[in-house]
Q: 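Input: one structure, supplied below.
Protein chains get the first letters and strands the later ones, always in sequence-line order, with residue 1 at the start of each.
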Amino acid sequence: MNFDCPLISDCPILPSVFSSPRFQMSWMTINAALNGAEVGARITVKGWVRSRRDSKAGLSFIALSDGTCFATLQIVAAATLPEYDAVVRRLSTGASIEVDGELIESQGKGQSVELRADAVRLVGGVEDPDKYPVAGKRHTHEYLREVAHLRPRTNTYGAITRVRHTLSQAVHRFFHERGFYWIHTPIITGSDCEGAGEMFRVSTLDLANPPRTASGAVDFSKDFFGKETMLTVSGQLNVESFACALSRVYTFGPTFRAENSNTSRHLSEFWMIEPEIAFADLRDDAALAGDFLRSLVKAALDERADDLAFFDQFVEKGLIKRLEALATSTFEAMTYTEAVKILEASGQAFEFPVAWGKELQSEHERYLTEKHVGAPLVVMDYPKEIKAFYMRLNDDERTVAAMDVLVPGVGEIIGGSQREERLEVLDRRLTALGLNHADYGWYRDLRRYGTVPHAGFGLGFERMIMYATGMGNIRDVIPFPRAPKQCWF
RNA sequence: UCCGGCAUAGCUCAGUCGGUAGAGCGAUCGGCUGUUAACCGAUUUGUCACAGGUUCAAGUCCUGUUGCCGGAGCCA
């Protein structure tokens, strides 16, 4: 690598305190070549062949992608090149090449600039073009999932990957700019009170021959941590302790659920964002959720227009309009009690009956957000019986300060609540639910020492990506999906 | 986990009443063209998911298993 090449200024670098000295390479990204490089520049690009078309005029056209942007760069390779027959004419989809050449205005339609090749070098050929798993044709998402190591080379997955990155960056930027601190909550937990479903065990015990207690049960005191440990299902409980010290904090990391969920909206391993704010109530929480979703959508619109244009055309017609509408909207909000009234008055024939005190079913949520509102919707103040122990009891003693954000097409994208900060009320809830106070020692401590009202929520990151791209299956918006019976790569 | 559907060429699928395997796309070769989802012609391709059963004969019918898809539940 040559880090001092004077010709190259690598792809648009955002203004930053880190912008000098620049990290430069001796070749140019296709993103840089297409967006900002001077016509007439002599450059080198490297990437993977999407397609090759030969012309009897003595030319071959190569569509080259390096994944740095949606578009491919058209390489024009003349038959007069010494390597024309040995290299160029043998290129097939998927091969990797390096090309030196001059960036020129395109003589053809479909692109403004193209690279007139001075030299084409094969980096890696394709063993058997007939067997290349992502040949230049349409493939189903289901099939591409089986070749997840090669699907990043397709238009769709390249676009998803770039949007995913942009949204990740936007998450951190949003919170950083508002004074939130990122807390790295643990992945391994010894807390059996997280309570959000089945957990994966973490153990170094010999499964075939585990140590036993006198009563015959597996003796976890002999395990690595001296107790039973699991993969976390949420960083919330841990992050609450940091909120009650640094005021505004969030987590953004992987989360694990061992539920046997076989749906297009669930993964066994997914990423979740959980902000937590001290001195905040549920209204503050909902306001933050709205700002947050709008900011993420705006980031995607601003920074990934090329990828969104693709999704708009091939995945969900009208996607961009929908996102633009969201970016400037305020979310409608209603209480659970109002939602039940609306559903009861809707005249819809639901499979599951609607009644105050019962969970809202998917079909109910879908009606509310897709038909009744036609936009994102916040439902608040659910009956305490159907919500978790840590949610703050409202003055009516029947409901808790919980909220769900529902969006058309995806359903529940955010779940949050104001946390119960009053020790005696929390203890009453624990008792009512038959939970052992001793198991919640440090969590109760937060209520014993300088307790404050606080609230937060969890956003399923992959569900956000689905919403931002129009993709219909959550397994297609994460690089290597983990789901029941699926851990292939 | 429950309900429903599906599993046939590299991919997407057809395959009638049970009678011994087809198309499109891709790929390869050739033709044409500053081409671009190119176009025209030719060629290429099979453990019919797996295990058993019925039958003279099973891709086709029956049983079981596995996997995938859609919906539901759990949730984010």
Side-chain angles (χ1 to χ4, degrees), chain A residues 50-64 71-78 89-90 92-94 104-111 114 116 126-147 150 155 194-198 233-236 254-274 289 313-314 350-352 359-363 365-366 386-388 404-407 410-416 457-467 472-475 478 483-486 488:
Chain A
R50 281 290 178 76
S51 67
R52 189 194 88 228
R53 295 176 296 274
D54 303 320
S55 165
K56 273 297 174 266
L59 300 166
S60 285
F61 300 94
I62 302 162
L64 193 69
T72 55
L73 176 64
Q74 174 155 285
I75 310 294
V76 183
R89 288 294 304 267
R90 293 186 183 178
S92 64
T93 303
I104 58 171
E105 288 192 28
S106 179
Q107 296 171 34
K109 292 171 186 149
Q111 59 281 316
E114 61 193 19
R116 189 173 60 210
V126 170
E127 269 184 17
D128 182 355
D130 189 37
K131 295 275 176 11
Y132 183 60
V134 288
K137 56 158 284 182
R138 290 182 63 98
H139 292 289
T140 60
H141 298 312
E142 292 79 26
Y143 167 71
L144 288 169
R145 230 172 274 153
E146 296 173 19
V147 287
L150 294 170
N155 279 335
E194 293 192 359
E198 293 297 311
V233 295
S234 163
Q236 181 205 314
T255 305
F256 307 87
R257 305 272 166 94
E259 299 287 345
N260 194 3
S261 297
N262 292 291
T263 80
S264 56
R265 304 180 307 283
H266 291 84
L267 288 167
S268 307
E269 176 184 275
F270 64 100
W271 288 62
M272 186 154 65
I273 296 140
E274 297 174 288
Q313 190 179 352
F314 292 107
F350 293 115
E351 189 186 341
F352 295 90
E359 303 265 9
L360 295 181
Q361 303 289 321
S362 283
E363 57 175 343
E365 295 182 342
R366 234 181 297 121
I386 60 173
K387 288 292 179 182
D404 284 350
V405 179
L406 313 175
V407 296
V410 175
E412 183 181 343
I413 197 168
I414 281 178
F457 61 80
L459 169 74
F461 188 52
E462 283 75 20
R463 290 186 181 174
M464 181 65 212
I465 299 169
M466 291 171 78
Y467 187 68
N473 194 312
I474 200 165
R475 296 171 195 205
I478 189 166
K485 299 285 171 13
Q486 274 191 9
W488 296 337

Q: How far, in whole Å, is B/rC3 from B/rG64 if one measures between their P atoms?
A: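 Their P atoms lie roughly 13 Å apart.
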Q: Closest approach of A/Met466 and A/Gly472, non-hydrogen atoms and distance?
A: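 Scanning both residues, the minimum pair turns out to be CE-O, 3.5 Å.
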Q: So for A/Glu114 and B/rG34, does any side-chain atom that can act as donor or acceptor lie under 3.5 Å from a complementary atom in the base?
A: yes
Q: Taking only the side-chain nitrogens and oxygens of A/Ser55, find out if one of them lies under 4.0 Å from OP1 or OP2 of B/rG34.
A: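 Checking A/Ser55 against B/rG34: at least one side-chain N or O falls below 4.0 Å of OP1 or OP2.
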Q: RNA chain B: A/Glu142 or A/Asn260, which has the more 5' nearest nucleotide?
A: A/Asn260
Q: Enter the distance from A/Glu462:CD to A/Ile474:CD1 here, rounded to the nearest 0.5 Å.
A: 5.5 Å
Q: Going by side-chain contact (heavy atoms from CB on, under 4.5 Å), name the residues that satisfy it together with A/Asn473, two or more places apart in sequence or in a different chain.
A: A/Arg145, A/Ser264, A/Arg475, A/Asp476
Q: Tell me whether the count of non-hydrogen atoms from other residues, nucleotides or ligands lying under 6.0 Å of CZ in A/Arg50 goes above 12.
A: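 Above 12, so yes.
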Q: So which nucleotide does B/rA37 pair with, by the Watson-Crick or G-U wobble rule with both distances under 3.5 Å?
A: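 Pair assignment: B/rA37 / none.
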Q: Tell which nucleotide pairs with B/rG22, taking only Watson-Crick or G-U wobble pairs whose two distances are both under 3.5 angstrom.
A: B/rC13
Q: Is there side-chain contact between A/Asp404 and A/Lys387, with at least one heavy-atom pair below 4.5 Å?
A: yes
Q: For the pair made of NZ in A/Lys485 and P in B/rG67, what is the distance, rounded to whole Å?
A: 5 Å
Q: Over how many whole Å does the gap from A/Leu360 atom CG to B/rG73 atom P extend?
A: 11 Å
Q: Are any of the side-chain heavy atoms of A/Phe61 and A/Val76 separated by less than 4.5 Å?
A: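 They are in side-chain contact.
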Q: Is A/Ile413 touching bases, backbone alone, or none of the nucleic acid, heavy atoms closer than 4.0 Å?
A: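 Sugar-phosphate: the residue A/Ile413, judged by heavy atoms under 4.0 Å, touches backbone atoms but no base.
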Q: Which one is paired to B/rU55, where only Watson-Crick or G-U wobble pairs with both distances under 3.5 angstrom count?
A: none
Q: Minimum heavy-atom separation for A/Val126 and A/Gly94, please, with both atom names.
A: CG2-C, 3.6 Å
Q: Look for any protein N or O under 3.5 Å of an N or O in nucleotides 38-47 of chain B and output each such pair with its distance, or none.
A:
none

Q: Is B/rA7 paired to anything, Watson-Crick or G-U wobble with both distances less than 3.5 Å, and if yes, which nucleotide?
A: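 With both distances under 3.5 Å, B/rA7 matches B/rU66.
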Q: Could you tell me if the side chain of A/Glu146 sits less than 4.5 Å from the side chain of A/His139, heavy atoms only?
A: no
Q: So do A/Asp54 and A/Arg52 actually touch side chain to side chain, heavy atoms under 4.5 Å?
A: yes
Q: Determine: side-chain N/O of A/Ser261 to OP1/OP2 of B/rC75, distance under 4.0 Å, yes or no.
A: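 Indeed not, no polar side-chain atom of A/Ser261 lies that close.
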Q: Classify A/Ala63 by what it touches in the nucleic acid, base, sugar-phosphate, or nothing, heavy-atom distance under 4.0 Å.
A: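 The residue A/Ala63 makes no contact with any strand.
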Q: For the side chain of A/Arg257, starting at C-beta, report the closest nucleotide among B/rC11, B/rA76, B/rU35.
A: B/rA76
Q: Does a side-chain N or O of A/Ser264 approach OP1 or OP2 of B/rG71 to a distance below 4.0 Å, or not?
A: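 Yes, such a contact exists.
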Q: When you compare B/rG24 with B/rU44, how far apart are their P atoms, in angstrom units rounded to a whole number?
A: 13 Å
Q: B/rU47 and B/rA9: how far apart are their P atoms, nearest whole angstrom?
A: 8 Å
Q: Using atom CD of A/Glu412 as one end and atom C1' of B/rG73 as the other, report the distance to the nearest whole Å.
A: 14 Å
Q: Please state the C1' separation for the pair B/rA37 and B/rC2 - nearest whole angstrom.
A: 42 Å
Q: Is A/Arg366 close enough to B/rA72 that one of its side-chain N or O atoms is under 4.0 Å from OP1 or OP2 there?
A: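 So the side chain of A/Arg366 is within the cut-off, an N or O lying under 4.0 Å from OP1 or OP2 of B/rA72.
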Q: Should A/Arg475 be listed as having a side-chain N or O under 4.0 Å from OP1 or OP2 of B/rC69?
A: yes
Q: With distance as the sole criterion, do the side chain of A/Arg265 and the base of B/rA76 form a donor-acceptor contact below 3.5 Å?
A: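 Not at all, since no donor on one side and acceptor on the other fall under 3.5 Å apart.
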Q: Taking the side chain as everything from C-beta on, heavy atoms only, tell me whether A/Leu144 gets closer than 4.5 Å to A/Val134.
A: yes
Q: Taking N and O atoms by type only, does the side chain of A/Gln111 place a donor or acceptor under 3.5 Å from a partner on the base of B/rU35?
A: yes
Q: Looking only at heavy atoms, what is the nearest atom pair of A/Ala483 and A/Ser268, with distance?
A: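 Nearest pair, atom of A/Ala483 first, then A/Ser268: CA-OG, 3.3 Å.
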Q: Can you tell me how far C1' in B/rU12 sits from the matching atom in B/rG18, rounded to whole Å?
A: 27 Å
Q: Applying a 3.5 Å limit to both distances, which nucleotide forms a Watson-Crick or G-U wobble pair with B/rC2?
A: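 B/rC2 is paired, partner B/rG71.
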Q: With a cut-off of less than 4.0 Å, is there a side-chain N or O of A/Gln486 near OP1 or OP2 of B/rC68?
A: yes
Q: Donor-acceptor pair under 3.5 Å: do we get one between A/Glu259's side chain and the base of B/rU1?
A: no
Q: Whole Å only: how far is the CD atom of A/Glu146 from the P atom of B/rC11?
A: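 Going from A/Glu146 (CD) to B/rC11 (P), I get 8 Å.
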Q: Please state whether the base of B/rC32 and the side chain of A/Lys56 form at least one donor-acceptor pair under 3.5 Å?
A: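 For A/Lys56, whose side chain was compared with the base of B/rC32, there is no donor-acceptor pair (under 3.5 Å).
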Q: Once hydrogens and angles are ignored, does a donor-acceptor distance under 3.5 Å link the base of B/rC69 to the side chain of A/Arg145?
A: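 Flag unset: no donor-acceptor pair detected.
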Q: For the pair made of CZ in A/Arg116 and C1' in B/rG34, what is the distance, rounded to whole Å?
A: 13 Å
Q: For the CD1 atom of A/Ile75 and the CZ atom of A/Arg116, what is their distance to the nearest 0.5 Å?
A: 12.5 Å
Q: Measuring to OP1 and OP2 of B/rG73, would you say a side-chain N or O of A/Ser362 lies under 4.0 angstrom away?
A: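 Affirmative; the distance criterion is met.
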Q: Give me the distance, rounded to whole Å, that separates B/rU54 from B/rU8 when you measure between the C1' atoms they each carry.
A: 22 Å
Q: B/rC75 P sits how many Å from A/Lys387 NZ, rounded?
A: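 After rounding, the reported distance stands at 8 Å.
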Q: Take atom C1' in B/rG59 and the same atom in B/rA21, then report the distance between them in whole Å.
A: 9 Å
Q: Please classify the nucleic acid contact of A/Thr263 as base, sugar-phosphate, or nothing, using heavy-atom distances under 4.0 Å.
A: base
Q: If stacking means aromatic ring centre less than 5.5 angstrom from the base's six-membered ring centre, planes under 30°, is A/Phe270 stacked on B/rA76?
A: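 By the stated criterion, A/Phe270 and B/rA76 stack.
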Q: For nucleotides 2-8 of chain B, read 5' to 3', which letter fits each nucleotide if B means a protein heavy atom sits under 4.0 Å from the base, S means only the sugar-phosphate is that close, and - means neither?
A: -------
Q: State whether A/Lys137 places a side-chain N or O below 4.0 Å from either non-bridging phosphate oxygen (OP1 or OP2) of B/rC11.
A: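 False: A/Lys137 side-chain N/O out of range (4.0 Å or more) of B/rC11 OP1/OP2.
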Q: Got a second to check how far A/Thr255's OG1 is from A/Glu274's CD, nearest 0.5 Å?
A: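 The OG1 atom of A/Thr255 sits 6.0 Å away from the CD atom of A/Glu274.
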Q: Tell me whether the side-chain N/O atoms of A/Gln361 come closer than 4.0 Å to OP1 or OP2 in B/rG73.
A: yes
Q: Determine the Euclidean distance between corresponding P atoms of B/rC48 and B/rA42; express it in Å to zero decimal places.
A: 29 Å
Q: Please report, rounded to the nearest Å, how far the P atom of B/rU28 is from the CD atom of A/Glu127.
A: 15 Å
Q: For the pair made of CD1 in A/Ile474 and P in B/rC69, what is the distance, rounded to whole Å?
A: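 Distance check: A/Ile474 CD1 to B/rC69 P gives 13 Å.
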Q: For a 4.5 angstrom cut-off between non-hydrogen side-chain atoms, does A/Phe270 reach A/Arg463?
A: no
